[in-house]
Amino acid sequence: MDFREKLSALRKKMANDNVGALIISSADPHQSPSVCAHWKAVQWLTGFTGSLSTCIVSRQSVAMWTDGRYLLQAQRELNDKDIEIYISSDAEAPSHAEWIREHIGREEKIAIDKKLFSVEEYRSIKRNLGPGFIVEDRSGYVDETWQPRPLISSERLFELDVSFAGASRVEKINIIRGRMKKKGAEQYLAASLDAVAWLTNLRGHDNPIYPLFHSYLFITGKIAVLYTNLSKIDDITAEGLRKDNILLRETSDIFNFLPNETAGKSIYLDPYKISVSLFESLSPSASVIEGIDLITHVKSMKNEIEQKNIRMSNIKECVALCRLIKSVKENVKKEIFLDEYMIGQKVNEFRKIEPTFLQPANIPIVAVGENAALPHYKPKKEKSSRLEAKGFLLFDLCAHYLTGSTDITRTIQIGCLSDEMQRDYTLVLKAHIALATLTFPYGTTGFVIDGIVKSSQWRNHMNYDTGTGHGIGFCLDIHEGPCKIVNEFTPFFPYAMTTPLDVGMLFSNEPGVYKKGRFGVRLENDILVQEDCINEFGRFLKFETLTYCPFELGAIKKELLSVEELEWLNKYHEKTYEALSPYLNEKEKTWLWYETRKL
């Protein structure tokens, strides 16, 4: 079925049930920032491929909300459909409730799937709608219309060795129990897939780009229960979990378990991560304590072993990326046919040389020309622009190694550049250096830091409608909370505006500029929060840069860099050669030496 046929089928069922508005979420039951194909209901209906969206269907209209990263992409992908597009952070955009009130009658119902909406999101909908509107749990609309619907992977789970993870699951459970005690909670419920995977040291294949598996976790002072698809756990893994006093149950059993087990107990949970369906399974006599997920904050602060491993992951990935850049530049000059899609696949050939490479951690973002103005443009095999010896090539490539995950972006010169391109590249580089060299007092949030970094562009009356950085998980989600270097609220990271950065947190450093219909520039390294000093003014933190991959010297207007910025760049390139050359052959070393020469 095409878009209009799907829409017609949904509206026919809505009319029969007296439903005036159907809210379709891009989420899964765990509020994951990236979901497998089984949960991509908005994409199934509209064709929009962004990772964050909410679609509302009424009897006459369709509207979709996303964030600033995806505005141009949404306009491109939905241009042949009569869908209203809104950016959630736009002050002039209607809220979901405002739009619904304008498009349905009081006698009509509002349908949602409660397993896909968080408790806080549901409360917000109810609160903003006001009295008189009835919201009902209706999962059947999409389930019955979407046929055949993609299945969830049935592949087995695997264990991440302690030599990589840095702590056993028993040690991690004890840390969480200590946190529970401080919160005054007898029980703790976790639904985030990255939280469950981190605590159990297990990884899976339920997501195409993140090694996660569908699951829930319930912990008390005496027991820990893992709810998942038991057919994915082999006997050896199951025995190891039992030895660590972790009980195993099927995923759906949790809805029958919670009513009795939570009766009269105090239970801690995160209302932004727990679904309405799960929340409503608690006993009415349970005393609920709400706040930021206990595992989320702990796992964001990487331990010493994780930090050591992540440094190595960045070296491994940068070796692969240097080989990719060298290959692209040489072949473009020779006018050998290359397109965007091919570049995204080629990098895996270089990655697989390293035995600890696990899998790609994103659908490759590779873009030339105007495609690079779409921050999350992903070329398709059947629809991909050819590389020509002109302008920029932007690539944003993420990878999972057993030693940790990486997220790196470079914009490289593949032909002649205009003065505007060089100027914009240099301004992005200045913003990148501003974050890399920033020192800040403990207690500073990403909201503040985002403004500091963007100020170098603001002074030139420029801006980029994306965040400057996000947390990065360890063989988990590439986008990890609780912190984010961003100046707007995002539902996947609801605590980013108020949670301060802390030692051990791993972030991306990715300022950019995106000029519609022309080109885009983004420069991204991975950075780690470290101690700086304590003095009479308090405790200060700083960033350690982990990524060492050349910046494009031919794109830099040297006169726009300060003395300090130029010194940073030259030292960075010196360190890049030192870090990567031991892993390269003589021709590759010669190439890297030239790419990292002193400016």
Side-chain angles (χ1 to χ4, degrees), residues 31 33 51-52 65-71 87-93 95 118 120-121 124 270-273 290-293 296-297 299-301 375 407 427-428 430-459 461-473 477-514 522-532 537-544:
Q31 302 304 306
S51 64
L52 175 64
W65 287 257
T66 186
D67 65 23
R69 296 173 297 165
Y70 295 117
L71 175 59
I87 300 302
S88 301
S89 61
D90 184 352
E92 297 182 358
S95 67
S118 73
E120 191 56 40
E121 188 177 11
S124 178
D270 188 336
Y272 287 96
K273 296 298 182 181
E290 297 183 2
I292 185 172
D293 180 75
T296 294
H297 198 267
K299 73 178 174 60
S300 69
M301 296 182 287
D407 185 0
L427 289 176
V428 173
K430 287 170 72 70
H432 182 96
I433 296 173
L435 181 55
T437 59
L438 184 68
T439 58
F440 54 96
Y442 176 76
T444 303
T445 65
F447 175 79
V448 175
I449 292 175
D450 189 72
I452 294 172
V453 175
K454 286 179 175 174
S455 64
S456 64
Q457 288 202 11
W458 293 345
R459 283 192 290 271
H461 302 100
M462 294 169 59
N463 193 21
Y464 51 96
D465 195 17
T466 63
T468 298
H470 56 80
I472 302 174
D477 287 323
I478 288 296
H479 289 249
E480 176 181 77
C483 299
K484 191 173 185 182
I485 304 173
V486 67
N487 61 14
E488 66 180 27
F489 176 84
T490 175
F492 290 131
F493 308 99
Y495 304 99
M497 311 291 277
T498 56
T499 303
L501 278 66
D502 209 339
V503 173
M505 290 184 175
L506 179 66
F507 290 95
S508 64
N509 173 3
E510 52 177 313
V513 63
Y514 309 99
R522 181 162 67 251
L523 302 173
E524 179 182 19
N525 283 346
D526 298 346
I527 53 177
L528 192 63
V529 182
Q530 300 287 19
E531 296 282 0
D532 186 23
F537 299 104
R539 177 187 175 201
F540 284 80
L541 305 179
K542 62 183 179 180
F543 292 108
E544 173 192 354

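Residue indices begin at 1 and follow the sequence shown. Keep in mind it's a predicted model, so treat the numbers as computed, not measured.
- Every residue two or more places apart in sequence or in another chain was checked for a side-chain hydrogen bond (donor to acceptor under 3.5 Å, both in side chains) with Thr499, and none qualifies.
- Classification of the His470-His479 ring pair by plane angle, with boundaries at 30° and 60°, yields parallel.
- With contacts defined as side-chain heavy-atom distances shorter than 4.5 Å, the pair Lys273/Ser118 does not qualify.
- Of the possible donor and acceptor atoms, one in the side chain of Gln457 sits under 3.5 Å from a partner among the backbone N and O of Gly512.
- Listed by chain and residue number, Asp194, Glu480 satisfy the salt bridge (charged side-chain N to carboxylate O under 4.0 Å, His left out) test with Lys299 (two or more places apart in sequence, or in another chain).
- To the nearest 0.5 Å, the span separating CG on Leu52 from OG on Ser88 amounts to 6.0 Å.
- Asn487 meets the side-chain hydrogen bond (donor to acceptor under 3.5 Å, both in side chains) test with Asp450; sequence neighbours excluded.
- By the side-chain hydrogen bond (donor to acceptor under 3.5 Å, both in side chains) test, Ser124 is found to be paired with Asn128, residues two or more places apart in sequence or in another chain being considered.
- The shortest side-chain heavy-atom distance between Tyr442 and Asp502 falls under the 4.5 Å cut-off.
- Partners of Glu121 by salt bridge (charged side-chain N to carboxylate O under 4.0 Å, His left out), not counting sequence neighbours: none found.
- Panel note: side chain Arg522, backbone Pro511; no donor-acceptor pair is recorded below 3.5 Å.
- Remark: the Tyr70 side chain and the Ser51 side chain contain an N/O donor-acceptor pair separated by less than 3.5 Å.
- The backbone N or O of Asp270 lies less than 3.5 Å from no partner atom in the side chain of Asp293, so there is not a single donor-acceptor pair.
- Using a 4.5 Å heavy-atom cutoff, the side chains of Ile449 and Thr468 are not in contact.
- Surrounding OH of Tyr464 are more than 12 heavy atoms belonging to other residues, nucleotides or ligands, all under 6.0 Å away.
- Looking at Phe507 and Cys483, their side chains come closer than 4.5 Å, going by heavy atoms from C-beta outward.
- Taking the side chain as every heavy atom from C-beta outward, Val503 and Arg539 approach each other to under 4.5 Å.
- In this structure, CG in Asn525 is found 12.5 Å from CZ in Phe543, a value given to the nearest 0.5 Å.
- For the pair Val529 and Phe440, the minimum side-chain heavy-atom distance is below 4.5 Å.
- Contact check for Leu541 versus Glu531: side-chain heavy atoms found under the 4.5 Å cut-off.
- Taking the side-chain hydrogen bond (donor to acceptor under 3.5 Å, both in side chains) definition, one finds that Asn463 meets it with Trp458, sequence neighbours left out.
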